[in-house]
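Values below: every heavy atom of this structure, side chains too, minus hydrogens, waters and symmetry copies. Every number for a ligand or one of its atoms is a count from 1 in the order of the listing.
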Amino acid sequence: MQFREIIGHDDTKQALLRAVQTNHVAHAQLFDGPPGSANLALALAFATYLNCEDRQETDSCGRCASCVKMNKLAHPDLTIVFPVAGSKMTSEHFMPAWRRFVLDHPYRTLDDWLAEAALKQGNIPVEEARELLGRLSLKAYEGEYKLVLIWCVENLHTATANALLKVLEEPPARTLFLLVTNRSEKLLITILSRTQRVAVRAFTDEEVQMHLRQHLNLDEKRARQVAYLADGNLSEAIRIAGEEPDGDFNRHAWFADWMRLCYKQDLIALVRQADQFDTLGKEKQRVLLDYSLSFCRDLFLYKHGVDELLRLPSEERTFVENFGKVLEPAHLESMVGELNEASFHIERNARAKMVMMDLSLTFSRLIRNGK
Ligand SMILES: [Zn+2]
C-alpha cells in the first residue's frame, strides 16, 4: 500500500511523512477511525514508507525489495495481528486468507472479515501475545524497523492487552507498533495513554464517489447514489456498488411509498406492505431501515434550516420539501428512535412483519395526529 493509492487525507499523510523525515516517529501509534475509513490503509502505507529503501518526499518508492514485500504483506519484519477464532489459533494460521482479504481492498471492516473467514466471533487470544513476544526477542531483521501492526486492537483479550502493555512500556529497540481501531472507546486507558493517536476521519461523499468512479468504473449518477447510502463508509460503498443498480427495489421509492401510506393511514395497504417486507431477506430489511434512518436524519436537518448539509441526491429533494411540511422536528426525533429500535429487534430475529406493522402504526399516528 502506498499513500498515493489513498484518496484524500493529505494532512494525515503529511504529518506521518514529516514524523519519519524529522526522525520523530512515536514507537506506538493508534490509527483511530470509523469502520470503512482509511485507518488500516494509512497504517499500511506508513509501514511501507518506514522500511522503504528509497523513500521519496511524499511516498515510498514502490519498487525496492522492501516495498515489493510490503505490497504483498509478506515482509519478514512486519508482524500482523488481527482477530481470529478460538484460543489456540493465532493470526499466523489465517494469514493467507487475511492477505487476500486486505489486498482485495484495505477499507473492509471486522464484520467483513468474520464473514469472509466464516468466523462467528473474532478475538485476539493471549497465545498471540506469547508468539509476538517470542518474535520480538529475535534480533535479526532486514529493514530499518521491526513493525507490529494490530488490526482491530479493541478485540484484544484482556490477558493479551496486559502482555502488550508490558512491551509498550519497554519497547525493544527499532520496534514500532501500529495499532488500528474502529472503536477506541473500548480500549484500555493504559493502552490509549501509551500510544500517539492518529485521528482518521470518515471519507467524504466526494471521496467515496471518486473512489467508486476510479476503481469500480461507476458512472457519476450511480456513484452519487451509492456514496449517499454509504455515508462515508467505503467498505459499505463497495458492497452496495456490487448490488444490482437499485436491485429489485428502489430504496427511495419504497420509503416514499411507505410514508404516503402512513400519511393516508391506509391500514389495508400497510398490512400488505408489512407482509411484503417480511418476505425480504434480513439483509434487505436492514438496508431499507438504514435508508429510512438516514432519510429521517436528513429531514431533521432540513427542518432545522441546515439545508446546505443535506446530502440527498437532487431527485429526492422534492420529496423532502413536501414531506417536511407535515412533520415537526420532535416527530422526526421519535421516528429516528423507533427506527433504531426496529433495527435492533430485526438484528435479534424478531418477526419482521410485526416490527414493520408496529412502526407503521406509530408513524401514522405521529404524521396525522402529531403524537
Ligand atoms: Zn521502496
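With hydrogens and angles left out, the side-chain atoms of K69 and N51 include no donor and acceptor closer than 3.5 Å. Side-chain contact of D32 with S184: a donor-acceptor pair under 3.5 Å is present, judged by distance alone. When only modelled atom types and interatomic distance are considered, S360 and W258 share a side-chain donor-acceptor pair under 3.5 Å.
For the Zn ion (ligand 1), the set of protein N/O/S atoms nearer than 2.8 Å consists of C52 SG, C61 SG, C64 SG, C67 SG, ordered by chain and number.
Using cut-offs of 30° and 60° for the angle between ring planes, the W98 and F82 rings count as parallel.
Among all heavy-atom pairs drawn from N39 and V200, the shortest one is N-CG1, 3.8 Å.
Put simply, the side chain of Y107 does not reach to within 4.5 Å of the side chain of L40, judged on heavy atoms.
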